[in-house]
Amino acid sequence: MTQETMVLISTLRTALKMRAAAYAHMFDVMREQLGLEKALEIGKEATRRLGSEMAGNYRQYGPDDLQGLKEAFLGAIPGGGELFIPEVVKCDQDELEIYFQKCPLKDAWTDLDRSDEDLEHLCDFAGAIDAGMFTSAGFTFAGETWKPGQSGCCRLRVRPGVAENKSGEN
């Protein structure tokens, strides 16, 4: 790894720690003022919307080019595979499944001594970005975020979406 790449990875890790801290503070304030359920609802909707804005990079592959989606998505992961360590578990015409062995957001929350319960909620909060991105790109999303007792982090499960009917008929 070149010195330039190491600096880039370090910069990305720092930026992701800041994003993780921002999510954690927003979650804490919303939970204190609105309760857990409403905090999760609002947080997930906000990150889902962010993901929807990012969908443009992947719409050309929807609703069913999972191989193309895989290549484009993996190629766009910040820091390559260094920060998230993605593992493609499956990629066929029925499903693209990617397991993330690491997550810098989850690592940052762990470094902040967040409880397993908070980690689960924060992963759910942040993970809504994927649902927004993949569904807005035309796919069906069935991912799973980290739960206590599991290793690694989330699993993205992307399936073909419904093709648009150009004639307007169902």
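The shown structure was predicted, so the numbers you read here are calculated from the model rather than taken from an experiment.
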Inset, instruction - Provide the closest heavy-atom pair for Ala55 versus Ala137 in the form atom of the first, atom of the second, distance. - result: CB-N, 3.7 Å

Legend entry - Rounded distance (nearest 0.5 Å) linking atom CE of Met30 with atom CD of Glu41: 10.5 Å

Legend entry - Donor-acceptor pair, side chain of Trp109 and main chain of Leu122, under 3.5 angstrom: no

Legend entry - Side chain Arg48, main chain Ala131, donor-acceptor under 3.5 Å: no

Legend entry - For the student: nearest non-hydrogen atoms of Cys154 and Thr145, plus distance: CB-CA, 3.9 Å

Inset, instruction - Please work out whether the ring planes of His121 and Phe27 are parallel, tilted or perpendicular, with thresholds of 30° and 60°. - result: tilted

Legend entry - Residue pair Leu156 / Leu96, side-chain heavy-atom distance below 4.5 Å: no

Inset, instruction - Could you tell me whether the side chain of Lys106 and the main chain of Gly152 form a donor-acceptor pair under 3.5 Å? - result: yes

Legend entry - Arg114 and Asp28 ion-paired at < 4.0 Å: yes

Legend entry - N-O pairing of Glu53 and Arg49 below 4.0 Å: no

Legend entry - NZ/NE/NH1/NH2 to OD/OE distance under 4.0 Å, Arg159 and Asp94: no

Inset, instruction - Please step through side chain to side chain contact (heavy atoms under 4.5 Å, CB included) for the pair Lys147 and Leu119, ending with a clear verdict. - result: CA-CA 8 Å; Lys147 304 284 185 261; Leu119 283 174; over 6 Å; no

Inset, instruction - Compare all side-chain heavy atoms of Leu50 with those of Glu45 and state whether any distance is below 4.5 angstrom. - result: no

Inset, instruction - Quick one: pull up CG in Leu8 and CD in Gln3 and give me the separation to the nearest 0.5 Å. - result: 11.5 Å

Legend entry - Check: Asp130 side chain, Met133 main-chain N or O, donor-acceptor pair, under 3.5 Å: no

Inset, instruction - Decide side chain to side chain contact (heavy atoms under 4.5 Å, CB included) for Ile85 and Tyr99; before the verdict, give the C-alpha distance in whole Å, the side-chain angles of both, and the deciding distance to 0.1 Å. - result: CA-CA 8 Å; Ile85 311 177; Tyr99 166 64; over 6 Å; no

Inset, instruction - Decide whether Leu74 and Val89 are clustered together by the hydrophobic rule: side chain heavy atoms of Ile, Leu, Val, Met, Phe, Trp, Tyr closer than 4.5 Å, transitively. - result: no

Legend entry - Close side-chain approach of Pro63 and Phe139, heavy atoms under 4.5 Å: no

Inset, instruction - Tell me, yes or no, whether the heavy-atom count around Lys90 atom NZ, taken from other residues, nucleotides or ligands under 6.0 Å, exceeds 12. - result: yes

Legend entry - From Leu40 atom CG to Leu36 atom CG, the distance as rounded to the nearest 0.5 Å: 4.5 Å

Legend entry - Validation row: Glu120, Pro148 side chains within 4.5 angstrom (heavy atoms): yes

Legend entry - Non-hydrogen side-chain atoms of Met54 and Ser136 separated by less than 4.5 Å: no

Inset, instruction - Please confirm whether the backbone N or O of Met6 pairs with a side-chain atom of Ser10, one donor and one acceptor, at under 3.5 Å? - result: no

Inset, instruction - Ignoring hydrogens and angles, tell me if any N or O in the side chain of Trp146 forms a donor-acceptor pair with the backbone of Gln150 under 3.5 Å. - result: yes

Inset, instruction - Hey, could you give me the CD/CG distance between Glu144 and Asp124, rounded to the nearest 0.5 Å? - result: 11.5 Å

Legend entry - Cys153 side, atom SG; Leu105 side, atom CG - distance, nearest 0.5 Å: 8.0 Å

Inset, instruction - Locate the shortest heavy-atom distance separating Pro78 from Leu12; write the atom from each residue and the value. - result: C-CD1, 3.9 Å

Legend entry - Distance-only polar pair, side chains of Thr5 and Thr2, donor-acceptor under 3.5 Å: yes

Inset, instruction - Quick one: pull up CZ in Phe84 and CD in Gln101 and give me the separation to the nearest 0.5 Å. - result: 13.0 Å

Legend entry - Nearest non-hydrogen partners of Leu66 and Glu95, listed with the distance: CD1-N, 3.5 Å

Inset, instruction - Kindly say whether Phe125 contributes a backbone atom to a donor-acceptor pair with the side chain of Thr47 at under 3.5 angstrom? - result: yes

Inset, instruction - Taking the side chain as every heavy atom from C-beta outward, state whether Lys70 and Val88 have any pair of such atoms under 4.5 Å apart. - result: yes

Inset, instruction - Please assess Lys102 against Leu83 for the test side chain to side chain contact (heavy atoms under 4.5 Å, CB included), listing each intermediate value before the final yes or no. - result: CA-CA 7 Å; Lys102 288 184 60 71; Leu83 297 173; over 6 Å; no

Inset, instruction - Measure across Tyr58 and Ala76 and return the closest heavy-atom pair with its distance rounded to 0.1 Å. - result: OH-CB, 3.4 Å

Legend entry - Ring-ring centroid check Phe134 Phe73, cutoff 6.0 Å: yes

Inset, instruction - Ignoring hydrogens and angles, tell me if any N or O in the side chain of Thr135 forms a donor-acceptor pair with the backbone of Thr140 under 3.5 Å. - result: no

Inset, instruction - Give the minimum heavy-atom separation between Pro86 and Ile98, together with the two atoms involved. - result: CB-CG2, 3.8 Å

